[in-house]
Amino acid sequence: MVSIHKQIVLITGASSGIGAACARAFAQAGAQLILTARRSERLSELAQELEHQYQSTCYRMTLDVRDRDQVQTMLAQLPPEWANIDILINNAGLSRGLDKLHEAEIQDWEEMIDTNVKGLLYLTRAVVPGMIKRQQGHVINIGSIAGHQVYPAGNVYCATKAAVRSISEGLKIDLLGTPIRVSSVDPGMVETEFSQVRFHNDTERAQRVYQGVIPLTATDIAEIVLFCATRPAHVNISSLVVLPTDQATPTLVHRRQ
Ligand code: NDP
Ligand code: 8X3
């Protein structure tokens, strides 16, 4: 395991779920964290927790990844001691709705495409040139099983995660010959606020997603992301699909009564 002590790690979507779990795992490993999301109160609470528990140094950045100008400005205005980002974890993302394509809300598509694809691209475009200049860096994208297999009514969400998969592949190819690594961690069912967001705060429907199943936890994924980041420099975990044991495909799930 290679130390990431004092490395600067920018995590998008750190206010919840997998992003918050990554923040905890990387803080415990001694990294310095740039925590970003839209909900600033959540970021403040998390930063306080990490500062208290791990004596971490955190920089909070209230950021909507869909806002290209905001991404560019806020990244360009980072204080010099935070500007040299070593690890970018592109985690911010969401699904909206689970509807047949011809019946879905177009606004839901806009939100998914703007966040999962364009937001990830904006961050990557802003951060990677510095990595190339410094000849050091690692981009870790959170994809999904949905990027590998399409499921009924998953249409646009699956398309965004297939796009993430292609972007990870493309970036890896474009960075060949540099020491910069690109990894994609692609989970199946993880119990977070994901389904709550997907179903527009229909809590009962969200809970049914995980009924009778032992899903992955955000911490399970964070440990894997940390594993990717702590391999020796010549090792790149290129793409990794991780499912609960109770899940074989997006739709084949073993449920206990
Ligand atoms: P959560 O809903 O718990 O977390 C999503 C995070 O993304 C939040 O911190 C949210 O912060 C942030 N986010 C959403 N939209 C924006 C935006 N426009 N700008 C900035 N941040 C944003 O879900 P998960 O932790 O499960 O999701 C994290 C990633 O994992 C997503 O990319 C998701 O697609 C992926 N994934 C999830 C799986 C699951 O089963 N849970 C399985 C496979 C992949 P805020 O609202 O404060 O801005
Ligand atoms: C989240 C997992 O199967 O709901 O990406 O698409 S799934």
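Ligands are counted one by one from 1 in listed order, and the atoms in each one are counted from 1 as well. Along the sequence shown, the residues carry numbers beginning at 1.
For atom 22 (C) of ligand 1, the closest non-hydrogen atom of the protein is Ala92 CB, 3.7 Å. The protein heavy-atom contact nearest to atom 26 (O) of ligand 1 is Thr192 OG1, 2.6 Å. For atom 43 (C) of ligand 1, the nearest non-hydrogen atom of the protein is Pro187 O, 3.2 Å. Scanning the protein heavy atoms around atom 35 (C) of ligand 1, the nearest turns out to be Ile142 CG2, 3.8 Å. Shortest contact from atom 19 (N) of ligand 1 to any protein heavy atom: Val65 N, 3.0 Å. Distance from atom 9 (O) of ligand 1 to its nearest protein heavy atom, with residue and atom name: Ser15 OG, 2.8 Å. In terms of protein heavy-atom proximity, atom 14 (C) of ligand 1 is nearest to Arg38 NH2, 3.5 Å. The protein atom (non-hydrogen) at minimum distance from atom 7 (S) of ligand 2 is Tyr151 OH, 3.6 Å.
Numbered from 1 in the order shown, with element, the atoms of ligand 1 that lie under 4.0 Å from a heavy atom of Gly17 read 3 (O), 25 (O). Applying the 4.0 Å criterion to heavy atoms of Tyr157 picks out, from ligand 2, the atoms 1 (C), 5 (O), 6 (O). Within the listing of ligand 1, atoms 28 (C), 29 (C), 30 (O), 31 (C), 32 (O) sit less than 4.0 angstrom from a heavy atom of Asn91. Proximity to Gly93 (heavy-atom distance under 4.0 Å) selects the following atoms of ligand 1: 5 (C), 7 (O), 31 (C), 32 (O). Of all atoms in ligand 1, numbered sequentially from 1 with element shown, those under 4.0 Å from a heavy atom of Asp64 are 17 (C), 18 (N), 19 (N). When each atom of ligand 1 is checked for a heavy atom of Met189 under 4.0 Å away, the hits are 40 (O). Close contacts of ligand 2 with Arg198, meaning ligand atoms under 4.0 Å from a residue heavy atom, involve 4 (O). Of all the atoms in ligand 1, the ones that sit under 4.0 Å from a non-hydrogen atom of Tyr157 are 33 (C), 34 (O), 36 (N), 44 (C). Residue contact check: Thr115 has heavy atoms under 4.0 Å from atoms 15 (N), 16 (C), 18 (N) of ligand 1. Against a heavy-atom cut-off of under 4.0 Å, Ala146 is close to the following atoms of ligand 2: 6 (O).
The N/O atoms of Val190, backbone and side chain alike, include one that comes under 3.5 Å of an N/O atom in ligand 1. The shortest N/O to N/O separation between Gly19 and ligand 1 does not fall below 3.5 Å. By the 3.5 Å distance cut-off applied to N or O atoms, Gln247 is not counted among the residues near ligand 2. At least one N/O-N/O distance between Ile18 and ligand 1 falls below 3.5 Å. For ligand 1, the polar-atom distance check finds an N/O of Gly13 within less than 3.5 Å of one of the ligand's N/O atoms. The shortest N or O to N or O distance between Ser144 and ligand 1 is not below 3.5 Å. Residue Tyr210 has no N or O atom closer than 3.5 Å to an N or O atom of ligand 1.
For the pair Arg198 and Tyr157, the distance from NZ or CZ to the six-membered ring centre is under 6.0 Å and the angle to the ring normal is within 45 degrees. For Arg231 and Phe227, the positive end sits near the middle of the six-membered ring, less than 6.0 Å away and at most 45° from its axis.
Under the 4.0 Å criterion applied to side-chain N and carboxylate O atoms, Arg134 and Asp86 are not assigned as salt-bridge partners. In this structure, Arg42 pairs ionically with Glu193, as a charged nitrogen and a carboxylate oxygen lie closer than 4.0 Å. Looking at Glu169 and Lys172, a side-chain N of the basic residue comes within less than 4.0 Å of a carboxylate O on the acidic one, giving a salt bridge. Taking a cutoff of 4.0 Å between a charged side-chain nitrogen and a carboxylate oxygen, Glu49 and Arg24 qualify as a salt bridge.
Under a 4.0 angstrom heavy-atom cut-off, Lys161 registers as lying outside contact with ligand 2. For Lys161, the heavy-atom gap to ligand 1 drops under 4.0 angstrom.
With 3.5 Å as the limit, one finds a donor-acceptor pair spanning the side chains of Thr203 and Gln196. Under 3.5 Å, the side chains of Asn236 and Ser238 contain no donor-acceptor pair of N or O atoms. Between Asn90 and Thr124, the side chains place a donor N or O and an acceptor N or O closer than 3.5 Å (distance only, hydrogens not considered).
Counting heavy atoms closer than 4.0 Å to ligand 1, residue Leu63 contributes backbone atoms (N, CA, C, O) but none from C-beta onward. When non-hydrogen atoms are compared, ligand 1 lies under 4.0 Å from the backbone of Glu193 as well as from its side chain. With a 4.0 Å cut-off on non-hydrogen atoms, Arg42 does not touch ligand 1 at all.
Between the side chain of Ser183 and the backbone N or O of Ile237, at least one donor-acceptor pair lies under 3.5 Å.
For atom 38 (C) of ligand 1, the choice among Ser16, Ser195, Pro215, Gly188 with the nearest heavy atom turns out to be Gly188. Closest heavy-atom approach to atom 2 (C) of ligand 2 among the candidates Ser195, Pro215, Ser144, Cys158: Ser144. When the heavy atoms of Cys22, Pro250, Gly119, Gly143 are ranked by distance to atom 44 (C) of ligand 1, first place goes to Gly143.
When every heavy atom of Arg60 is checked against every heavy atom of Ala47, the shortest pair comes out as NE-CB, 3.7 Å.
Scanning for ring-ring contact (aromatic ring centres under 6.0 Å, His included) contacts around Tyr59 gives Trp82, with sequence neighbours left out.
Counting heavy atoms from C-beta on, the side chains of Val128 and Val139 come closer than 4.5 Å.
No more than 12 heavy atoms of other residues, nucleotides or ligands shown are found within 6.0 angstrom of CD on Glu204.
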